[in-house]
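See structure below.
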Protein chains: 2
Amino acid sequence: MKANLEDIALAAGVSKMTVSRVLRGGTGFSTQTRDKVMKFAQTMGYVPNRLAAAFGADQSSTLVGMCVPRLTSGLFSHVLDGVDRALSRLGYQLMIGANNHSAEEEEAWVRQVIAWRPAGVILSGRTHTPGTVDLLREATGPVVEIWDLTTSPIDISVGFSHFDCGAEMAQFLLRRGRRRAGYVGALARADVMGAARLEGFEATLARAGHPLVACEVLHDMPGFYAGYYGLETLLSRQPRLDVVYFHNDEMAIGGLAYAQSRGLRVPEDLGIAGWGGMEAASILQRRLTTTVVPTTAIGKAAAEALVARLKGEAGQEVTVLPTRLEPGETG
Amino acid sequence: MKANLEDIALAAGVSKMTVSRVLRGGTGFSTQTRDKVMKFAQTMGYVPNRLAAAFGADQSSTLVGMCVPRLTSGLFSHVLDGVDRALSRLGYQLMIGANNHSAEEEEAWVRQVIAWRPAGVILSGRTHTPGTVDLLREATGPVVEIWDLTTSPIDISVGFSHFDCGAEMAQFLLRRGRRRAGYVGALARADVMGAARLEGFEATLARAGHPLVACEVLHDMPGFYAGYYGLETLLSRQPRLDVVYFHNDEMAIGGLAYAQSRGLRVPEDLGIAGWGGMEAASILQRRLTTTVVPTTAIGKAAAEALVARLKGEAGQEVTVLPTRLEPGETG
DNA sequence: TTTTCTTACGTTACCGGTAAACCTGACGCA
DNA sequence: TGCGTCAGGTTTACCGGTAACGTAAGAAAA
């Protein structure tokens with residue numbers, strides 16, 4: 001029903017192979033032949049079959065798989081966007097999946113996706129099941145781990161250090177005179193990267209002699225409500241805090257709302273710091289103190305590193321992209 | 001290097017076909033044979049080649065293509081999430097793309113994606129180039145158009161009416177006593193659906209005898225800043241407004257920030273209404289007056305309609321999902 | 001006893017491209 | 001004249017599955 005190479009070859013009076021070469025812009029045919037083939041391909045509405053091409057030429061396809069923790073994350077949607085823009089410009093197609101912060105779901109996704117023999121795979125985070133690692137090592141294509149830096153990546157790593165984000169924020173808050181800090185997190189057990197920020201935060205505070213006073217890590221999804229109720233819980237347990245560091249900006253904004261509802265002045269009575277650099281955070285009455293993460297840049301760099309590796313160019317194993325602490329007015 | 005059906009067949013002393021049947025859970029083999037094959041498949045680390053399967057069995061693959069206007073849209077990321085959850089549960093893989101609100105980019109994407117012979121395609125919106133429609137009509141799989149209802153869909157349509165959203169908001173604001181309404185939009189020329197909301201809004205106001213007083217449609221991306229500066233421009237041109245309807249919630253929040261920076265009381269001096277139902281909007285000091293859109297539900301319904309069609313079940317051509325006007329405290 | 005049915009496989013052909021090897025005639029050149 | 005060379009092709013053999021069909025052996029039915 002749909003025209004294939006052979007149909008065009010028949011119509012143009014040449015062989016399949018010649019049509020294939022013409023359509024891929026190769027060499028070894030005359031201008032007349034090219035024009036004739038092109039004309040028939042056009043009029044017959046030829047649509048190449050990449051399934052056949054990728055399968056036949058055994059070299060892997062132009063498919064790239066990417067797995068993110070959640071598709072609804074504002075930050076990751078920018079990463080996705082960066083990846084997609086870079087890849088589609090180069091003729092690659094993106095297959096996505098979400099693992100809901102679960103290494104097991106990630107393994108299941110990897111198993112599905114490598115069955116399509118993708119040219120490469122992009123994963124988020126550095127914690128994977130042994131099965132995932134095995135699967136990816138046997139798959140021939142490049143593997144890029146983004147978001148969190150890995151000391152020993154499976155293959156390529158693009159991101160930044162969550163530990164350092166937490167440490168830097170702690171230093172900043174200490175410089176601003178904060179001495180009794182709390183933390184409100186989410187996704188207990190599931191989110192390794194949030195935990196790394198907390199570790200960096202806590203370690204730095206402790207070294208400075210002003211250890212973390214209270215910590216509340218919810219099992220919820222990290223959203224506005226979790227921030228709101230998380231701060232409520234934290235303050236009910238330990239009212240004497242002068243600053244609270246949140247898992248991310250959404251939660252920090254939730255916390256801000258709670259503080260205001262309680263009549264607390266921010267930042268005078270209570271400092272609030274977030275993480276991530278959501279767009280919304282910068283338009284609040286008082287700009288949120290936060291760490292801005294290079295989301296789109298990470299996506300772009302990951303895609304480019306992947307393609308560079310595919311083309312045989314030797315790229316860096318680990319690419320560090322800088323985060324930026326945005327002082328804001330709430331910390 | 002990687003084990004295939006034949007390797008397993010050789011190892012287990014049966015034919016390729018038997019291995020294929022066992023692994024796909026078919027019939028026509030003994031328990032002993034099954035166990036033996038399964039054992040070898042396991043130990044040899046067999047990963048099926050879906051490329052070959054989809055190609056060989058000419059029936060289309062388990063790939064589903066989906067194109068959204070922007071990957072960074074908060075609303076669409078929920079739609080994507082709904083689609084992905086529904087599809088991955090049923091064993092389908094999602095290929096995504098973004099068209100940047102351009103029908104031409106959409107056509108280019110469709111051309112790329114149908115080369116993979118996907119089982120089906122999901123598009124956002126109802127405006128497509130003739131080329132897109134031709135390509136999709138020739139492709140055999142189901143085509144689902146989401147987000148905006150189409151009177152005559154290419155195939156299946158899941159969404160709601162943007163015109164009605166605008167009309168309903170106009171009615172609501174009129175009931176609240178608003179008489180001099182303005183509008184701030186974005187993506188002039190590119191966004192048909194925002195334009196439909198404006199039409200519904202404008203038509204309803206006009207019929208009630210209180211026509212739209214001022215309208216500012218920026219060429220920017222619809223974000224916080226566009227809302228902020230859009231309202232500034234609108235008010236500089238026409239200060240005597242008692243309510244402003246925004247393209248979406250992000251812009252409305254930007255507008256809210258501008259109004260507050262100007263010392264305007266909301267809603268007393270100026271009403272603000274948005275559209276979309278972003279999570280962030282519900283945690284503001286005053287809940288935003290907006291229309292909540294069933295994002296995840298649309299994604300889920302689209303995926304299910306697509307799969308139902310693939311399985312030959314006769315589904316509805318057009319599925320309407322209800323939006324909900326959230327009165328809030330700013331309108 | 002013969003026929004038919006069923007189970008449990010094996011064989012064959014094919015999907016639509018691509019790489020690699022192989023042709024062929026024209027032309028240049030020693 | 002003979003040879004190499006090159007443009008401009010063609011032929012062949014796959015890639016790894018799956019559908020469709022074939023078949024041998026034993027069980028059940030006539």
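Every chain is numbered from 1 and lettered A, B, ... according to where its sequence line falls, protein lines coming before strand lines.
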- Message: Report for the helix from dT1(C)-dA30(D) to dA30(C)-dT1(D): angle between first-end and last-end helix axes, five pairs each, rounded to 10 degrees.
- Response: 50°

In a table with atom names and distances, give each donor-acceptor pair under 3.5 Å that connects a side chain of residues 301-316 of chain B to protein atoms at least two apart or in another chain.
from	atom 1	to	atom 2	distance (Å)
E304(B)	OE2	K300(B)	NZ	3.4
R309(B)	NH1	D155(B)	OD1	2.5
R309(B)	NH1	D155(B)	OD2	3.4

- Boundaries of the DNA chain D segment in contact with chain A, non-hydrogen, under 4.0 Å: dG8(D) to dG16(D)

- Task: Drop me the distance from L94(B)'s CG to T62(B)'s OG1, to the nearest 0.5 angstrom.
- Result: 11.5 Å

- Shortest non-hydrogen separation from L51(B) to W116(B) and the atoms involved: CD1-CZ3, 4.2 Å

- Below 4.0 angstrom, N of the basic side chain to O of the carboxylate: do D81(B) and R85(B) qualify? yes

Name each donor-acceptor pair under 3.5 Å that joins a side chain in residues 142-149 of chain B to protein atoms two or more places apart or in another chain, with its distance.
from	atom 1	to	atom 2	distance (Å)
E145(B)	OE1	I154(B)	N	2.7
E145(B)	OE2	H128(B)	NE2	2.8
D148(B)	OD2	R126(B)	NE	3.3

- Query: Sub-3.5 Å donor-acceptor pair from the side chain of T43(B) to the main-chain atoms of K39(B), do we have one?
  - Reply: yes

- Message: Between D7(A) (side chain only) and N4(A) (backbone N and O only), is there a donor and an acceptor less than 3.5 Å apart?
- Response: yes

- Item | Spacing between K16(A) atom NZ and dA19(C) atom C1', to the nearest angstrom | 13 Å

- Query: Under 3.5 Å, is there a donor-acceptor pair between the side chain of S124(A) and the main chain of C67(A)?
  - Reply: yes

- Query: Heavy atom of residues 18-41 of chain A under 4.0 Å from DNA chain C: which residues?
  - Reply: S20(A), R24(A)

- List in chain and number order the residues that pass side chain to side chain contact (heavy atoms under 4.5 Å, CB included) with A139(B), two or more places apart in sequence or in another chain; answer none if no residue qualifies. K2(A), I114(B)

- N/O donor-acceptor pair under 3.5 Å between S77(A) side chain and S73(B) backbone: no

- In whole angstroms, how far is the P atom of dT18(C) from the CZ atom of F55(B)? 11 Å

